[in-house]
There are 2 protein chains.
Amino acid sequence: MTGGKIEDVILFQIEKTSKISKVYSQRDFDRLGLGITIEQWILLKIIEEFDQMSQKELAEKSLRDPASITRTLDLLSKKGLIERQAIENNRRQYNIKLTSTGKKFIVDNFGTVQAHRSKSVEGFTSEELKTLEGMLKRIQSNMS
Amino acid sequence: MTGGKIEDVILFQIEKTSKISKVYSQRDFDRLGLGITIEQWILLKIIEEFDQMSQKELAEKSLRDPASITRTLDLLSKKGLIERQAIENNRRQYNIKLTSTGKKFIVDNFGTVQAHRSKSVEGFTSEELKTLEGMLKRIQSNMS
DNA sequence: AATATATAATTGATATATCAATAATTATTT
DNA sequence: AAATAATTATTGATATATCAATTATATATT
């Protein structure tokens with residue numbers, strides 16, 4: 001056989017952790033009837049964090065392709081959670097903003113997401129968390 | 001604003017690490033003209049590791065949905081890298097196996113993948129790696 | 001100002017993701 | 001053995017992923 005077991009590859013474990021967490025959160029979203037995906041939540045949260053931004057910026061911050069952002073924003077727009085606002089003297093970009101419905105949606109459901117985040121690091125000291133974060137950033141740097 | 005910054009969420013950093021690494025590896029696959037995706041490589045590698053297995057087992061070990069496995073195996077089959085072998089007295093499952101082309105493909109390209117793995121953990125001591133693996137498994141356990 | 005270049009968003013093609021429903025087969029129960 | 005239940009793989013619907021090509025617009029160059 002060529003090479004060691006896939007389970008021993010750290011990148012595989014990272015991917016596994018990410019997948020398991022996403023499935024956990026998505027199931028809870030579905031159970032609670034939120035009507036959006038985890039990816040959609042992340043976009044909403046980034047828009048909220050920066051108040052308003054272009055799709056290009058949103059793609060960078062969310063680590064997603066601009067094409068993917070276009071399509072997800074179409075969905076979020078249909079759901080009434082965001083809007084593409086025209087920019088004066090710039091017809092090439094939009095300001096992406098939360099609607100009031102979108103803002104309320106985040107406020108109403110932030111507790112759920114916070115619970116997922118807390119659950120994921122249950123039993124970790126803040127020192128351990130710092131160590132983990134540092135290691136992840138080193139891997140990111142190695143692969144950049 | 002509701003909650004802290006998304007960049008401070010450890011699950012976001014885990015996801016980010018996973019995405020960056022996948023992009024890195026996929027670009028190298030494309031550059032070298034391997035003609036498959038990272039996901040396809042992982043399936044091939046798991047099949048090699050366990051010699052042969054059902055699609056159900058393959059789904060479990062790769063952490064993917066059976067539906068997704070069906071479709072990816074169709075592609076790998078078209079590329080001549082795997083085959084669905086009939087099982088005697090069991091017409092509900094197949095044994096998924098590498099073809100000789102598939103075996104050769106793995107041998108020929110394992111060095112490339114090994115280089116990616118090594119690069120990802122450049123600068124890590126084996127102790128650090130153990131710590132990281134342990135932390136990831138704790139998160140997996142928290143979210144299961 | 002006219003032309004060329006660069007940028008932002010979109011669209012098309014293809015792969016992957018999940019869930020739900022279905023089909024085919026196997027195992028269990030009565 | 002016949003009916004019921006459980007299992008495996010597939011298919012359909014929809015969301016997300018990338019890259020390449022396109023469109024529209026803005027910026028830079030001559």
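These numbers were taken from a predicted model, which means no experiment stands behind them. Chain letters run A, B, ... following the sequence lines, proteins first, then strands; residues in each count from 1. For the numbers below, each heavy atom of this structure counts, side chains included, while hydrogens, waters and symmetry mates do not.
Not a single side chain to side chain donor-acceptor pair (under 3.5 Å) links B:R27 to another residue, sequence neighbours left out. With sequence neighbours excluded, the residues that form a side-chain contact (heavy atoms from CB on, under 4.5 Å) with B:S77 are B:I82. The side chain to side chain donor-acceptor pair (under 3.5 Å) search around A:T17 returns B:Q140, not counting sequence neighbours. A:Y24 is linked by a ring pair (Phe, Tyr, Trp, His ring centres under 6.0 Å) to A:H116, counting only residues two or more places apart in sequence or in another chain.
Listed by residue number, B:T37, B:E39, B:Q40 are the residues of residues 31-45 of chain B with a heavy-atom contact under 4.0 Å to DNA chain C. Within residues 61-73 of chain B, the residues that have a heavy atom under 4.0 Å from DNA chain C are, in order of number, B:R64, B:D65, B:A67, B:S68, B:R71, B:T72. Of all the residues in residues 83-91 of chain A, A:N89, A:N90, A:R91 reach under 4.0 Å from DNA chain D with at least one non-hydrogen atom.
For A:Y94, whose side chain is taken as the heavy atoms from C-beta onward, the closest listed nucleotide among D:dT10, C:dA17, C:dT10 is C:dT10.
Within the structure, salt bridge (Lys or Arg N to Asp or Glu O under 4.0 Å) contacts touching residues 129-144 of chain B (residues at least two apart or in different chains) are A:E128-B:R138, B:E133-B:K137. Screening residues 55-67 of chain A for salt bridge (Lys or Arg N to Asp or Glu O under 4.0 Å) gives A:K56-A:E60 as the qualifying pairs, with residues at least two apart or on separate chains.
Axis angle between the ends of the helix from C:dA1-D:dT30 to C:dT30-D:dA1, five pairs each and rounded to 10 degrees, works out to 10°.
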Study note, to complete from the structure: Heavy-atom contacts, protein to nucleotides 1-7 of chain C, under 4.0 Å, summarised as B (base), S (sugar-phosphate only) or - (none) per nt, yield -----BB
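Of the two residues contacting DNA chain C, namely A:S54 and A:E15, the nearest-nucleotide position lying further toward the 5' end is that of A:S54.
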Using nucleotides 1-5 of chain D, report all nitrogen or oxygen pairs with the protein that are shorter than 3.5 Å.
none

